[in-house]
Amino acid sequence: MKAYELNVAGVKRQLPIIAINEHIKIASFVILGDTELVTAAAPVLAEKLPEVDILVTAEAKGIPFVYELSKVLKMKRYVVARKSIKSYMRNPLTHEVNSITTQKVQTLYLDKQDVELLRGKRVALIDDVISTGESIQALEKLVQKAGGNVVAKAAILAEGDSAMRDDILFLEKLPIFK
Ligand SMILES: O=P(O)(O)OC[C@H]1O[C@H](OP(=O)(O)OP(=O)(O)O)[C@H](O)[C@@H]1O
Ligand SMILES: Nc1ncnc2[nH]cnc12
């Protein structure tokens with residue numbers, strides 16, 4: 001299997017190159033379980049962030065990174081938007097999302113308790129990778145519905161054309177393959 005060598009925050013990884021449709025291949029970047037990479041990347045991205053009150057991510061792959069980043073920033077809480085509704089959620093806010101790796105439209109859900117944590121706050125949206133930008137945009141809409149003020153959008157990697165955006169913070173670029 002072909003691989004792409006990623007160097008980020010002093011950590012090297014061989015990412016398998018995977019076809020996601022007839023035209024596009026991506027270098028699969030999965031930080032779930034990768035304590036070394038998450039621990040190395042969090043303090044470097046923390047340095048780039050402006051002053052914020054709270055961090056928000058969407059499940060799933062953003063979760064370990066936002067956890068580590070919140071520890072580096074000495075924040076007691078962070079917020080996770082879920083991709084399915086759970087019986088323990090009360091009056092969730094919703095917004096639809098469609099990422100590069102997802103075959104169908106999904107919905108993001110924010111529990112009412114989390115909505116209250118975001119109202120009137122300076123929010124940084126955090127993800128492992130930004131590609132089409134659909135996921136981070138959906139998260140922004142959801143946070144705005146909750147009354148939060150998005151002051152930063154950040155990820156470990158910017159994939160494809162997103163690396164040319166000047167409204168996101170990231171550590172390294174990730175190419176898309178034909
Ligand atoms: O900019 P985009 O094109 O939206 O792609 C980026 C999103 O895709 C991945 O999540 P994915 O949808 O694969 O879900 P997962 O984290 O639940 O695996 C990644 O974690 C980002 O959230
Ligand atoms: N390169 C990548 N690997 C895993 N998930 C992704 N989501 C968007 N780009 C991705």
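Whatever order the structure lists ligands and atoms in, that order sets their numbers, starting from 1. Only a predicted model underlies this, so the values are computations on that prediction, with no experimental measurement involved. Along the sequence shown, residues are numbered consecutively beginning with 1.
Looking only at side-chain heavy atoms (C-beta outward), Val115 and Asn91 stay at 4.5 Å or farther from each other.
For ligand 2, the polar-atom distance check finds no N/O of Ser131 at less than 3.5 Å from any of the ligand's N/O atoms. Here's the thing with Ser131: one of its N/O atoms is less than 3.5 angstrom from an N/O atom of ligand 1. Geometrically, ligand 1 and Ala60 share a nitrogen or oxygen pair separated by less than 3.5 Å.
Just one residue in the list Leu117, Asp114, Leu118, Ile126 forms a side chain to side chain contact (heavy atoms under 4.5 Å, CB included) with Val56, and that residue is Leu118.
Those atoms of ligand 1 that come under 4.0 Å of a heavy atom in Glu134, given as number and element, are 1 (O), 4 (O). The contact set between ligand 2 and Lys61, taken as ligand atoms under 4.0 Å from a residue heavy atom, comprises 4 (C), 5 (N). Within ligand 1, the atoms closer than 4.0 Å to a non-hydrogen atom of Asp127 are 20 (O), 21 (C), 22 (O), numbered from 1 in the order shown. Near Ser28, the atoms of ligand 2 lying under 4.0 angstrom from a non-hydrogen atom of the residue are 3 (N). If you number the atoms of ligand 2 from 1 as listed, the ones under 4.0 Å from a heavy atom of Ala27 come out as 1 (N), 2 (C), 3 (N).
Of the protein's non-hydrogen atoms, the one nearest atom 8 (C) of ligand 2 is Ile100 CG2, 3.2 Å. From the protein, the heavy atom lying nearest to atom 6 (C) of ligand 1 is Val129 O, 3.3 Å. Residue, atom and distance of the protein heavy atom nearest to atom 11 (P) of ligand 1 are Thr101 OG1, 3.4 Å. When hydrogens are left out, the protein atom nearest atom 3 (N) of ligand 2 is Phe29 N, 2.9 Å; that is the closest non-hydrogen contact. The single protein non-hydrogen atom nearest to atom 18 (O) of ligand 1 is Lys61 NZ, 2.8 Å, given as residue, atom name and distance. Taking atom 4 (O) of ligand 1 as the reference point, the nearest protein heavy-atom neighbour is Ser135 OG, 2.5 Å. The protein non-hydrogen atom at the shortest distance from atom 20 (O) of ligand 1 is Asp128 OD1, 2.6 Å. Scanning all protein heavy atoms for the shortest distance to atom 12 (O) of ligand 1 gives Ser99 OG, 2.7 Å. The protein non-hydrogen atom at the shortest distance from atom 7 (N) of ligand 2 is Thr101 CG2, 3.5 Å. In this structure, the protein non-hydrogen atom closest to atom 9 (N) of ligand 2 is Glu159 OE1, 2.6 Å.
A pairwise comparison of heavy atoms in Ala163 and Phe170 identifies O-CZ, 3.6 Å as the closest pair.
The backbone and the side chain of Thr132 each have at least one atom closer than 4.0 Å to an atom of ligand 1 (non-hydrogen atoms only). Counting heavy atoms under 4.0 Å from ligand 2, residue Leu174 touches it through the side chain alone. Contact annotation for Glu59 and ligand 1: only backbone heavy atoms (N, CA, C, O) come within less than 4.0 Å of the ligand.
Closest heavy-atom approach to atom 2 (C) of ligand 2 within the set Val30, Ile26, Ile176: this belongs to Ile26.
Judged by the shortest distance from any of its heavy atoms, Lys83 lies inside the 4.0 Å radius around the atoms of ligand 1. At least one heavy atom of Gly133 lies less than 4.0 angstrom from ligand 1.
Heavy atoms of other residues, nucleotides or ligands lying less than 6.0 angstrom from CD of Glu51 number 12 at most. Applying the 6.0 Å contact sphere to NZ of Lys2 captures no more than 12 heavy atoms from other residues, nucleotides or ligands. Environment of OH in Tyr4: crowded, with over 12 heavy atoms of neighbouring residues, nucleotides or ligands closer than 6.0 Å. Counting non-hydrogen atoms of neighbouring residues, nucleotides and ligands closer than 6.0 angstrom, the CD atom of Gln14 exceeds 12 such neighbours.
Look at Arg82 and Glu59 and you find a salt bridge, because one of the NZ, NE, NH1 or NH2 atoms lies within 4.0 Å of a carboxylate O, short of that distance.
Taking hydrophobic clusters as Ile, Leu, Val, Met, Phe, Trp and Tyr residues chained together by side-chain heavy-atom distances below 4.5 Å, Ile18 does not share a cluster with Phe177. Linking ILVMFWY side-chain heavy atoms closer than 4.5 Å, directly or via other members, places Leu69 and Val30 in two distinct hydrophobic clusters. Under the 4.5 Å side-chain heavy-atom criterion for ILVMFWY residues, no single connected hydrophobic cluster contains both Val143 and Met75.
Without hydrogens or angle criteria, Ser162 side chain to Ile130 main chain gives a donor-acceptor distance under 3.5 Å.
Tyr78 OH to Leu73 CG: the interatomic distance, rounded to the nearest 0.5 Å, is 13.5 Å. Expressed to the nearest 0.5 Å, how far NZ of Lys141 lies from CD of Glu96 amounts to 12.0 Å.
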